[in-house]
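For reference, the structure is listed below as C-alpha coordinates.
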Amino acid sequence: MVALLLGCGLSLSALAACPQPSPETDVAVGIREAPPFIAHDDIRGQRGFAVELWKSIESDLQQQGELGQTEWIRCSLSDQLVALRSGQLDVVISPLTITAERQEHFPFTHQYLGSGITVAQNSGNVINFGYATNILVDTVMQPGVPGAIFLFLLVNLVFIGLVSWTIKHHVDFEVIGKEPLLLRWARPVVETVVRTTGLYGMSSEFRSTTAKTLDAIMAVIGTILSATIFGVLTAALIGSIGVTRDVSITDIPELKVATLANSTSQAFVESMHQKPVSGSPGELFAAQSGGETTPTFGRRAMRGSSSDNATVTPAQEPEVQRGDEKWSPGCHRPGAANSEARCLQANSWFDAMRMLDRGEVDAVVGDWAQLSYLARLPVFDQRIHVQSAAFKSEPYGWGINPQRPELLYAINRELIERIRNPQWRYFVQEYLGTGSIGSN
(Lines give C-alpha, C1' and ligand atoms only; values in the text may rest on other atoms or scores of the structure.)
Protein backbone atom coordinates (compact mmCIF):
# COMPACT_ATOMS: atom_id res chain seq x y z
CA MET A 1 0.00 0.00 0.00
CA VAL A 2 2.84 2.41 0.88
CA ALA A 3 4.56 1.61 -2.40
CA LEU A 4 1.31 2.21 -4.29
CA LEU A 5 0.77 5.58 -2.61
CA LEU A 6 4.34 6.63 -3.30
CA GLY A 7 3.96 5.58 -6.91
CA CYS A 8 0.78 7.63 -7.24
CA GLY A 9 2.49 10.62 -5.66
CA LEU A 10 5.41 10.42 -8.05
CA SER A 11 3.05 10.12 -11.00
CA LEU A 12 1.08 13.18 -9.97
CA SER A 13 4.33 15.10 -9.47
CA ALA A 14 5.53 14.16 -12.91
CA LEU A 15 2.25 15.27 -14.45
CA ALA A 16 2.48 18.62 -12.69
CA ALA A 17 6.05 19.34 -13.82
CA CYS A 18 7.09 20.62 -17.24
CA PRO A 19 7.37 17.80 -19.83
CA GLN A 20 10.87 16.85 -20.92
CA PRO A 21 11.79 18.24 -24.37
CA SER A 22 12.67 15.86 -27.19
CA PRO A 23 16.34 14.85 -27.48
CA GLU A 24 16.71 16.61 -30.85
CA THR A 25 15.33 19.90 -29.50
CA ASP A 26 17.82 22.75 -29.40
CA VAL A 27 15.66 25.30 -27.59
CA ALA A 28 12.76 24.31 -25.30
CA VAL A 29 10.31 27.23 -25.17
CA GLY A 30 8.11 27.45 -22.05
CA ILE A 31 4.55 28.68 -22.54
CA ARG A 32 1.30 28.80 -20.59
CA GLU A 33 -2.16 30.15 -21.34
CA ALA A 34 -1.87 33.88 -20.69
CA PRO A 35 -3.87 35.98 -23.17
CA PRO A 36 -3.13 38.32 -24.88
CA PHE A 37 0.50 37.16 -24.64
CA ILE A 38 -0.18 33.48 -25.32
CA ALA A 39 -3.49 31.88 -26.28
CA HIS A 40 -4.38 28.61 -27.98
CA ASP A 41 -6.47 28.79 -31.12
CA ASP A 42 -8.03 25.56 -32.42
CA ILE A 43 -7.47 26.70 -36.01
CA ARG A 44 -4.21 28.70 -35.85
CA GLY A 45 -2.56 26.98 -32.90
CA GLN A 46 -0.49 29.12 -30.55
CA ARG A 47 -0.97 32.83 -31.04
CA GLY A 48 -0.66 36.11 -29.15
CA PHE A 49 1.79 38.93 -28.56
CA ALA A 50 4.62 36.80 -27.13
CA VAL A 51 4.14 34.02 -29.71
CA GLU A 52 4.34 36.39 -32.68
CA LEU A 53 7.37 38.14 -31.22
CA TRP A 54 9.15 34.83 -30.55
CA LYS A 55 8.39 33.46 -34.02
CA SER A 56 9.90 36.58 -35.57
CA ILE A 57 13.09 36.29 -33.50
CA GLU A 58 13.23 32.51 -33.96
CA SER A 59 13.03 32.85 -37.75
CA ASP A 60 15.89 35.35 -37.90
CA LEU A 61 18.14 33.34 -35.59
CA GLN A 62 17.50 30.13 -37.53
CA GLN A 63 18.34 31.87 -40.80
CA GLN A 64 21.58 33.09 -39.22
CA GLY A 65 22.41 29.55 -38.09
CA GLU A 66 22.35 30.49 -34.39
CA LEU A 67 19.27 28.47 -33.48
CA GLY A 68 18.28 24.88 -34.16
CA GLN A 69 15.00 23.07 -33.67
CA THR A 70 12.59 24.52 -31.09
CA GLU A 71 9.74 22.94 -29.15
CA TRP A 72 6.78 24.34 -27.23
CA ILE A 73 6.68 23.12 -23.61
CA ARG A 74 3.42 23.91 -21.80
CA CYS A 75 3.37 24.00 -17.99
CA SER A 76 2.35 26.23 -15.09
CA LEU A 77 4.17 29.35 -13.88
CA SER A 78 5.64 27.65 -10.80
CA ASP A 79 6.88 24.70 -12.88
CA GLN A 80 8.39 27.06 -15.44
CA LEU A 81 10.42 28.80 -12.74
CA VAL A 82 11.78 25.44 -11.54
CA ALA A 83 12.51 24.24 -15.09
CA LEU A 84 14.34 27.47 -15.98
CA ARG A 85 16.48 27.30 -12.89
CA SER A 86 17.45 23.69 -13.61
CA GLY A 87 18.00 24.18 -17.34
CA GLN A 88 15.12 21.97 -18.46
CA LEU A 89 13.63 24.97 -20.27
CA ASP A 90 15.80 27.29 -22.36
CA VAL A 91 13.48 30.30 -22.64
CA VAL A 92 10.11 31.18 -21.12
CA ILE A 93 8.14 33.58 -23.31
CA SER A 94 5.07 33.60 -21.05
CA PRO A 95 4.66 36.93 -19.23
CA LEU A 96 7.35 36.84 -16.55
CA THR A 97 8.13 39.67 -14.16
CA ILE A 98 11.80 40.56 -13.70
CA THR A 99 12.59 40.46 -9.98
CA ALA A 100 15.84 40.45 -8.03
CA GLU A 101 14.93 37.11 -6.43
CA ARG A 102 14.43 35.44 -9.80
CA GLN A 103 17.60 36.97 -11.23
CA GLU A 104 19.55 35.13 -8.56
CA HIS A 105 18.59 31.84 -10.27
CA PHE A 106 18.36 32.67 -13.98
CA PRO A 107 18.94 35.69 -16.26
CA PHE A 108 16.33 37.72 -18.10
CA THR A 109 16.34 39.29 -21.51
CA HIS A 110 16.05 43.02 -21.99
CA GLN A 111 12.74 44.40 -20.71
CA TYR A 112 10.17 44.43 -23.52
CA LEU A 113 7.15 45.74 -21.64
CA GLY A 114 6.29 47.52 -18.43
CA SER A 115 3.04 46.73 -16.64
CA GLY A 116 1.90 46.95 -13.04
CA ILE A 117 -0.05 45.30 -10.25
CA THR A 118 -3.60 46.64 -10.11
CA VAL A 119 -7.12 45.63 -9.10
CA ALA A 120 -10.17 44.36 -10.99
CA GLN A 121 -13.63 44.75 -9.42
CA ASN A 122 -17.21 44.04 -10.38
CA SER A 123 -18.81 47.05 -12.04
CA GLY A 124 -21.69 48.89 -10.42
CA ASN A 125 -24.78 50.35 -12.14
CA VAL A 126 -24.20 54.10 -11.74
CA ILE A 127 -22.01 56.74 -13.38
CA ASN A 128 -18.76 57.44 -11.54
CA PHE A 129 -18.27 61.15 -12.26
CA GLY A 130 -14.84 61.13 -10.67
CA TYR A 131 -13.69 58.46 -13.12
CA ALA A 132 -15.28 60.43 -15.99
CA THR A 133 -13.31 63.48 -14.89
CA ASN A 134 -10.10 61.44 -14.91
CA ILE A 135 -10.84 60.33 -18.48
CA LEU A 136 -11.31 63.95 -19.55
CA VAL A 137 -8.11 65.06 -17.83
CA ASP A 138 -6.15 62.20 -19.39
CA THR A 139 -7.57 63.08 -22.82
CA VAL A 140 -6.65 66.75 -22.50
CA MET A 141 -3.12 65.86 -21.37
CA GLN A 142 -2.41 63.57 -24.34
CA PRO A 143 0.54 64.67 -26.51
CA GLY A 144 -0.51 67.37 -28.96
CA VAL A 145 -3.83 68.19 -27.30
CA PRO A 146 -2.59 71.11 -25.11
CA GLY A 147 -0.87 72.58 -28.18
CA ALA A 148 -4.06 72.28 -30.22
CA ILE A 149 -6.06 74.03 -27.47
CA PHE A 150 -3.49 76.83 -27.30
CA LEU A 151 -3.61 77.26 -31.10
CA PHE A 152 -7.41 77.39 -31.01
CA LEU A 153 -7.31 80.14 -28.39
CA LEU A 154 -4.88 82.17 -30.54
CA VAL A 155 -7.17 81.78 -33.56
CA ASN A 156 -10.11 82.90 -31.43
CA LEU A 157 -8.23 86.08 -30.52
CA VAL A 158 -7.95 86.85 -34.23
CA PHE A 159 -11.66 86.10 -34.69
CA ILE A 160 -12.54 88.44 -31.80
CA GLY A 161 -10.69 91.23 -33.59
CA LEU A 162 -12.45 90.49 -36.88
CA VAL A 163 -15.87 90.30 -35.19
CA SER A 164 -15.15 93.67 -33.50
CA TRP A 165 -14.45 95.10 -36.95
CA THR A 166 -17.62 93.66 -38.50
CA ILE A 167 -19.97 94.21 -35.57
CA LYS A 168 -21.28 97.37 -37.20
CA HIS A 169 -22.86 95.09 -39.84
CA HIS A 170 -24.85 93.25 -37.19
CA VAL A 171 -28.64 93.58 -37.27
CA ASP A 172 -28.62 94.65 -33.64
CA PHE A 173 -25.87 97.26 -34.07
CA GLU A 174 -28.16 100.10 -32.99
CA VAL A 175 -28.82 98.33 -29.70
CA ILE A 176 -25.19 97.25 -29.27
CA GLY A 177 -23.96 100.81 -29.93
CA LYS A 178 -26.05 102.19 -27.07
CA GLU A 179 -24.78 99.69 -24.50
CA PRO A 180 -22.09 100.57 -21.93
CA LEU A 181 -18.49 100.40 -23.16
CA LEU A 182 -17.71 97.24 -21.17
CA LEU A 183 -20.63 95.36 -22.77
CA ARG A 184 -19.69 96.62 -26.25
CA TRP A 185 -16.19 95.15 -25.77
CA ALA A 186 -17.65 91.91 -24.41
CA ARG A 187 -20.03 91.42 -27.36
CA PRO A 188 -17.33 90.31 -29.91
CA VAL A 189 -15.95 87.86 -27.34
CA VAL A 190 -19.40 86.36 -26.76
CA GLU A 191 -20.13 86.17 -30.50
CA THR A 192 -16.79 84.43 -31.17
CA VAL A 193 -17.11 81.88 -28.34
CA VAL A 194 -20.70 81.02 -29.25
CA ARG A 195 -19.88 80.42 -32.92
CA THR A 196 -16.50 78.67 -32.62
CA THR A 197 -17.70 76.21 -29.99
CA GLY A 198 -20.68 75.06 -32.03
CA LEU A 199 -23.30 76.57 -29.72
CA TYR A 200 -24.59 78.63 -32.64
CA GLY A 201 -24.43 77.83 -36.37
CA MET A 202 -24.94 80.04 -39.42
CA SER A 203 -27.24 82.98 -38.82
CA SER A 204 -28.73 85.96 -40.64
CA GLU A 205 -27.53 88.45 -38.05
CA PHE A 206 -24.67 89.77 -40.19
CA ARG A 207 -25.67 91.73 -43.31
CA SER A 208 -22.44 92.35 -45.25
CA THR A 209 -20.73 89.71 -47.42
CA THR A 210 -17.50 89.98 -45.41
CA ALA A 211 -19.32 89.47 -42.13
CA LYS A 212 -21.33 86.52 -43.50
CA THR A 213 -18.11 84.87 -44.79
CA LEU A 214 -16.52 85.25 -41.36
CA ASP A 215 -19.71 83.83 -39.80
CA ALA A 216 -19.54 80.80 -42.12
CA ILE A 217 -15.88 80.09 -41.26
CA MET A 218 -16.62 80.17 -37.54
CA ALA A 219 -19.69 77.96 -38.03
CA VAL A 220 -17.56 75.29 -39.77
CA ILE A 221 -14.98 75.41 -36.97
CA GLY A 222 -17.76 75.26 -34.39
CA THR A 223 -19.37 72.20 -36.01
CA ILE A 224 -16.09 70.26 -36.00
CA LEU A 225 -15.17 71.34 -32.47
CA SER A 226 -18.60 70.65 -30.99
CA ALA A 227 -18.60 67.15 -32.48
CA THR A 228 -15.20 66.54 -30.88
CA ILE A 229 -16.15 67.97 -27.50
CA PHE A 230 -19.44 66.11 -27.21
CA GLY A 231 -17.80 62.93 -28.50
CA VAL A 232 -15.20 63.08 -25.71
CA LEU A 233 -17.85 63.86 -23.09
CA THR A 234 -20.03 60.99 -24.28
CA ALA A 235 -17.09 58.57 -24.23
CA ALA A 236 -16.12 59.70 -20.73
CA LEU A 237 -19.64 59.21 -19.38
CA ILE A 238 -20.16 55.85 -21.10
CA GLY A 239 -16.75 54.66 -19.95
CA SER A 240 -17.56 55.58 -16.35
CA ILE A 241 -20.90 53.79 -16.15
CA GLY A 242 -20.59 50.98 -13.63
CA VAL A 243 -17.11 52.01 -12.50
CA THR A 244 -16.70 51.65 -8.76
CA ARG A 245 -14.37 53.55 -6.49
CA ASP A 246 -10.69 52.83 -7.06
CA VAL A 247 -9.11 50.56 -4.46
CA SER A 248 -6.22 52.05 -2.52
CA ILE A 249 -3.26 50.09 -1.21
CA THR A 250 -4.67 50.30 2.33
CA ASP A 251 -7.92 48.64 1.19
CA ILE A 252 -6.34 45.37 0.04
CA PRO A 253 -6.07 43.67 3.48
CA GLU A 254 -9.81 44.28 3.98
CA LEU A 255 -10.81 42.58 0.71
CA LYS A 256 -11.14 38.94 -0.21
CA VAL A 257 -9.07 38.68 -3.39
CA ALA A 258 -8.00 36.19 -6.03
CA THR A 259 -4.62 36.17 -7.72
CA LEU A 260 -2.40 33.94 -9.84
CA ALA A 261 -0.63 31.18 -7.93
CA ASN A 262 3.13 31.74 -7.43
CA SER A 263 3.06 35.12 -9.16
CA THR A 264 4.56 38.39 -7.96
CA SER A 265 0.98 39.55 -7.43
CA GLN A 266 0.51 36.78 -4.86
CA ALA A 267 3.68 37.89 -3.09
CA PHE A 268 2.36 41.47 -3.15
CA VAL A 269 -0.99 40.46 -1.59
CA GLU A 270 0.70 38.37 1.08
CA SER A 271 2.98 41.29 1.96
CA MET A 272 -0.14 43.40 2.53
CA HIS A 273 -1.45 40.84 5.07
CA GLN A 274 1.86 40.27 6.82
CA LYS A 275 2.83 43.92 7.27
CA PRO A 276 0.88 46.89 8.59
CA VAL A 277 0.30 49.36 5.76
CA SER A 278 1.32 52.82 6.89
CA GLY A 279 0.12 54.61 3.76
CA SER A 280 3.63 55.01 2.38
CA PRO A 281 4.12 52.56 -0.51
CA GLY A 282 7.82 53.37 -0.55
CA GLU A 283 8.25 51.59 2.77
CA LEU A 284 6.89 48.36 1.32
CA PHE A 285 8.90 48.09 -1.86
CA ALA A 286 12.66 48.10 -1.97
CA ALA A 287 14.42 48.86 -5.24
CA GLN A 288 15.16 45.74 -7.25
CA SER A 289 18.45 45.10 -8.93
CA GLY A 290 20.16 42.07 -10.37
CA GLY A 291 23.60 41.07 -11.50
CA GLU A 292 24.59 41.40 -15.12
CA THR A 293 25.26 38.38 -17.29
CA THR A 294 28.39 38.48 -19.41
CA PRO A 295 27.48 36.75 -22.68
CA THR A 296 29.80 34.23 -24.29
CA PHE A 297 28.96 32.63 -27.61
CA GLY A 298 29.02 28.98 -28.48
CA ARG A 299 26.89 26.00 -29.48
CA ARG A 300 24.65 24.45 -26.87
CA ALA A 301 26.14 21.77 -24.66
CA MET A 302 24.30 18.52 -23.99
CA ARG A 303 21.78 18.68 -21.15
CA GLY A 304 22.94 17.31 -17.82
CA SER A 305 20.89 15.04 -15.62
CA SER A 306 20.81 17.43 -12.67
CA SER A 307 17.58 19.05 -13.89
CA ASP A 308 15.54 16.03 -12.82
CA ASN A 309 16.32 16.66 -9.15
CA ALA A 310 15.33 20.32 -8.93
CA THR A 311 12.77 21.07 -6.23
CA VAL A 312 11.29 24.12 -4.58
CA THR A 313 10.54 24.18 -0.88
CA PRO A 314 7.61 26.46 -0.01
CA ALA A 315 8.14 28.85 2.86
CA GLN A 316 6.20 28.21 6.05
CA GLU A 317 3.34 30.65 6.49
CA PRO A 318 2.74 32.20 9.91
CA GLU A 319 -0.61 31.43 11.50
CA VAL A 320 -2.86 33.94 13.19
CA GLN A 321 -5.47 33.06 15.80
CA ARG A 322 -8.95 34.35 14.86
CA GLY A 323 -11.82 33.18 17.04
CA ASP A 324 -11.78 29.41 17.39
CA GLU A 325 -9.79 28.64 14.22
CA LYS A 326 -6.30 29.26 12.96
CA TRP A 327 -6.02 31.52 9.92
CA SER A 328 -3.00 31.74 7.63
CA PRO A 329 -2.34 35.15 6.02
CA GLY A 330 -0.97 33.48 2.88
CA CYS A 331 -2.90 32.70 -0.30
CA HIS A 332 -4.65 29.33 -0.55
CA ARG A 333 -6.20 27.12 -3.20
CA PRO A 334 -10.02 27.54 -3.17
CA GLY A 335 -10.59 23.95 -2.02
CA ALA A 336 -8.09 24.29 0.84
CA ALA A 337 -9.21 27.71 2.08
CA ASN A 338 -11.43 28.21 5.10
CA SER A 339 -14.04 30.92 5.54
CA GLU A 340 -11.45 33.33 6.98
CA ALA A 341 -9.04 33.14 4.04
CA ARG A 342 -8.58 36.53 2.42
CA CYS A 343 -6.58 35.43 -0.65
CA LEU A 344 -7.38 32.62 -3.09
CA GLN A 345 -4.99 31.21 -5.69
CA ALA A 346 -6.06 30.67 -9.29
CA ASN A 347 -4.36 28.61 -12.00
CA SER A 348 -4.74 31.46 -14.51
CA TRP A 349 -5.85 35.07 -14.62
CA PHE A 350 -8.97 33.96 -16.50
CA ASP A 351 -9.87 31.64 -13.61
CA ALA A 352 -9.35 34.51 -11.16
CA MET A 353 -11.64 36.75 -13.20
CA ARG A 354 -14.29 34.02 -13.28
CA MET A 355 -14.11 33.80 -9.47
CA LEU A 356 -14.71 37.56 -9.32
CA ASP A 357 -17.56 37.39 -11.84
CA ARG A 358 -19.26 34.65 -9.80
CA GLY A 359 -18.99 36.70 -6.61
CA GLU A 360 -16.55 34.35 -4.86
CA VAL A 361 -14.08 37.19 -4.19
CA ASP A 362 -14.30 40.98 -3.86
CA ALA A 363 -11.48 41.74 -6.29
CA VAL A 364 -8.64 40.33 -8.37
CA VAL A 365 -5.15 41.66 -7.70
CA GLY A 366 -2.90 41.14 -10.68
CA ASP A 367 -1.19 42.31 -13.83
CA TRP A 368 -2.84 45.29 -15.54
CA ALA A 369 -2.01 44.18 -19.10
CA GLN A 370 -3.67 40.78 -18.72
CA LEU A 371 -6.60 41.82 -16.52
CA SER A 372 -7.58 44.74 -18.77
CA TYR A 373 -7.49 42.44 -21.80
CA LEU A 374 -9.65 39.80 -20.12
CA ALA A 375 -12.16 42.40 -18.88
CA ARG A 376 -12.85 43.33 -22.52
CA LEU A 377 -13.81 39.77 -23.49
CA PRO A 378 -17.49 39.17 -24.34
CA VAL A 379 -17.73 36.47 -21.66
CA PHE A 380 -17.58 39.19 -18.97
CA ASP A 381 -19.84 41.60 -20.90
CA GLN A 382 -18.37 44.76 -19.29
CA ARG A 383 -19.25 43.49 -15.81
CA ILE A 384 -15.65 43.90 -14.60
CA HIS A 385 -13.70 47.13 -14.26
CA VAL A 386 -9.88 47.23 -14.09
CA GLN A 387 -8.52 50.38 -12.53
CA SER A 388 -5.71 52.14 -14.38
CA ALA A 389 -3.77 53.11 -11.25
CA ALA A 390 -1.06 50.56 -10.41
CA PHE A 391 0.28 49.83 -6.93
CA LYS A 392 3.62 48.64 -8.20
CA SER A 393 5.31 48.86 -11.60
CA GLU A 394 6.68 45.64 -13.02
CA PRO A 395 9.06 45.08 -15.96
CA TYR A 396 8.50 42.05 -18.21
CA GLY A 397 11.28 39.97 -19.75
CA TRP A 398 11.87 36.46 -21.01
CA GLY A 399 13.60 34.07 -18.61
CA ILE A 400 16.65 32.31 -20.06
CA ASN A 401 18.39 29.05 -19.13
CA PRO A 402 21.42 30.10 -17.01
CA GLN A 403 23.51 27.50 -18.91
CA ARG A 404 22.79 29.24 -22.25
CA PRO A 405 24.53 32.67 -22.20
CA GLU A 406 24.89 32.57 -26.01
CA LEU A 407 21.10 32.26 -26.30
CA LEU A 408 20.60 35.27 -24.03
CA TYR A 409 22.99 37.35 -26.14
CA ALA A 410 21.37 36.37 -29.45
CA ILE A 411 17.77 36.94 -28.27
CA ASN A 412 18.65 40.28 -26.69
CA ARG A 413 20.22 41.48 -29.93
CA GLU A 414 17.09 40.66 -31.92
CA LEU A 415 14.69 41.86 -29.21
CA ILE A 416 16.30 45.29 -28.85
CA GLU A 417 16.31 45.70 -32.63
CA ARG A 418 12.54 45.18 -32.69
CA ILE A 419 11.86 47.48 -29.73
CA ARG A 420 13.72 50.27 -31.52
CA ASN A 421 11.64 49.77 -34.67
CA PRO A 422 9.01 52.54 -35.19
CA GLN A 423 6.40 49.82 -35.74
CA TRP A 424 6.90 48.41 -32.22
CA ARG A 425 4.25 50.73 -30.74
CA TYR A 426 1.61 49.53 -33.18
CA PHE A 427 2.59 45.88 -32.66
CA VAL A 428 2.04 46.19 -28.90
CA GLN A 429 -1.21 48.10 -29.31
CA GLU A 430 -2.54 45.46 -31.70
CA TYR A 431 -2.65 42.95 -28.86
CA LEU A 432 -2.83 45.03 -25.69
CA GLY A 433 -5.01 47.95 -26.82
CA THR A 434 -4.46 51.61 -27.68
CA GLY A 435 -3.85 52.62 -24.06
CA SER A 436 -1.07 50.08 -23.50
CA ILE A 437 1.81 52.43 -24.42
CA GLY A 438 2.24 55.75 -22.67
CA SER A 439 3.45 58.99 -24.23
CA ASN A 440 6.97 58.41 -22.92
Side-chain angles (χ1 to χ4, degrees), residues 30-38 49-50 75-85 89 92-120 247 249 252-253 255 257-275 277 281-291 312-315 317 329-333 342-353 361 363-374 386-400 432 436:
I31 59 172
R32 58 181 170 86
E33 193 74 9
F37 294 89
I38 299 175
F49 171 82
C75 49
S76 67
L77 172 61
S78 57
D79 291 329
Q80 286 177 348
L81 298 177
V82 174
L84 262 182
R85 181 175 179 178
L89 290 178
V92 169
I93 66 171
S94 307
L96 203 59
T97 303
I98 303 173
T99 67
E101 181 182 3
R102 290 173 178 174
Q103 284 182 317
E104 292 178 358
H105 305 296
F106 52 83
F108 280 88
T109 62
H110 188 278
Q111 175 186 344
Y112 65 86
L113 184 70
S115 187
I117 297 177
T118 189
V119 168
V247 174
I249 195 171
I252 294 179
L255 299 173
V257 303
T259 190
L260 180 65
N262 300 293
S263 65
T264 52
S265 297
Q266 176 181 330
F268 173 81
V269 173
E270 290 177 341
S271 71
M272 295 297 96
H273 289 284
Q274 293 170 359
K275 296 180 181 180
V277 181
E283 297 176 7
L284 296 170
F285 312 121
Q288 297 178 349
S289 61
V312 172
T313 302
E317 297 176 345
C331 296
H332 306 268
R333 293 289 182 183
R342 308 301 294 170
C343 177
L344 301 180
Q345 296 177 349
N347 292 324
S348 67
W349 289 122
F350 183 81
D351 291 344
M353 295 286 268
V361 294
V364 173
V365 177
D367 175 66
W368 174 87
Q370 296 177 77
L371 296 186
S372 59
Y373 171 83
L374 292 171
V386 180
Q387 67 185 45
S388 57
F391 302 125
K392 182 180 180 183
S393 297
E394 292 195 313
Y396 273 170
W398 288 347
I400 303 293
L432 277 70
S436 55

Next item on the list: Give, for atom CG of Leu96 and atom OG of Ser263, the distance between the pair rounded to the nearest 0.5 Å.
Entry: 11.0 Å
Next item on the list: For Arg32 and Pro95, indicate whether the former's side chain and the latter's backbone hold a donor-acceptor pair under 3.5 Å.
Entry: yes
Notebook entry, point to check: Going by heavy atoms in the side chains, are His105 and Leu84 under 4.5 Å from each other?
Noted result: no
Item checked: Residue pair Trp398 / Tyr112, side-chain heavy-atom distance below 4.5 Å -> yes
Notebook entry, point to check: In terms of ring plane angle, is the pair Phe268 and Phe391 parallel, tilted or perpendicular, where the classes change at 30° and 60°?
Noted result: parallel
Notebook entry, point to check: Is the shortest heavy-atom distance from the side chain of Pro35 to the side chain of Tyr373 under 4.5 Å?
Noted result: yes
Check: Rounded to the nearest 0.5 Å, how far does CD of Gln80 lie from CG of Asn262?
Finding: 11.0 Å
Checklist line | Student check: side-chain heavy atoms of Thr97 and Arg102 closer than 4.5 Å | finding: yes
Notebook entry, point to check: What are the two closest heavy atoms between Ile98 and Thr109, and how far apart are they?
Noted result: CD1-O, 4.1 Å
Margin query: If we ignore hydrogens and angles and just use 3.5 Å, is the side chain of Thr118 paired with the main-chain N or O of Ser388 as donor and acceptor?
Written below: no
Next item on the list: Applying side-chain hydrogen bond (donor to acceptor under 3.5 Å, both in side chains), run through Ser78 and Ser76 and close with a yes or a no.
Entry: CA-CA 6 Å; Ser78 57; Ser76 67; 3.3 Å; yes
Notebook entry, point to check: Is there side-chain contact between Ser265 and Leu260, with at least one heavy-atom pair below 4.5 Å?
Noted result: no
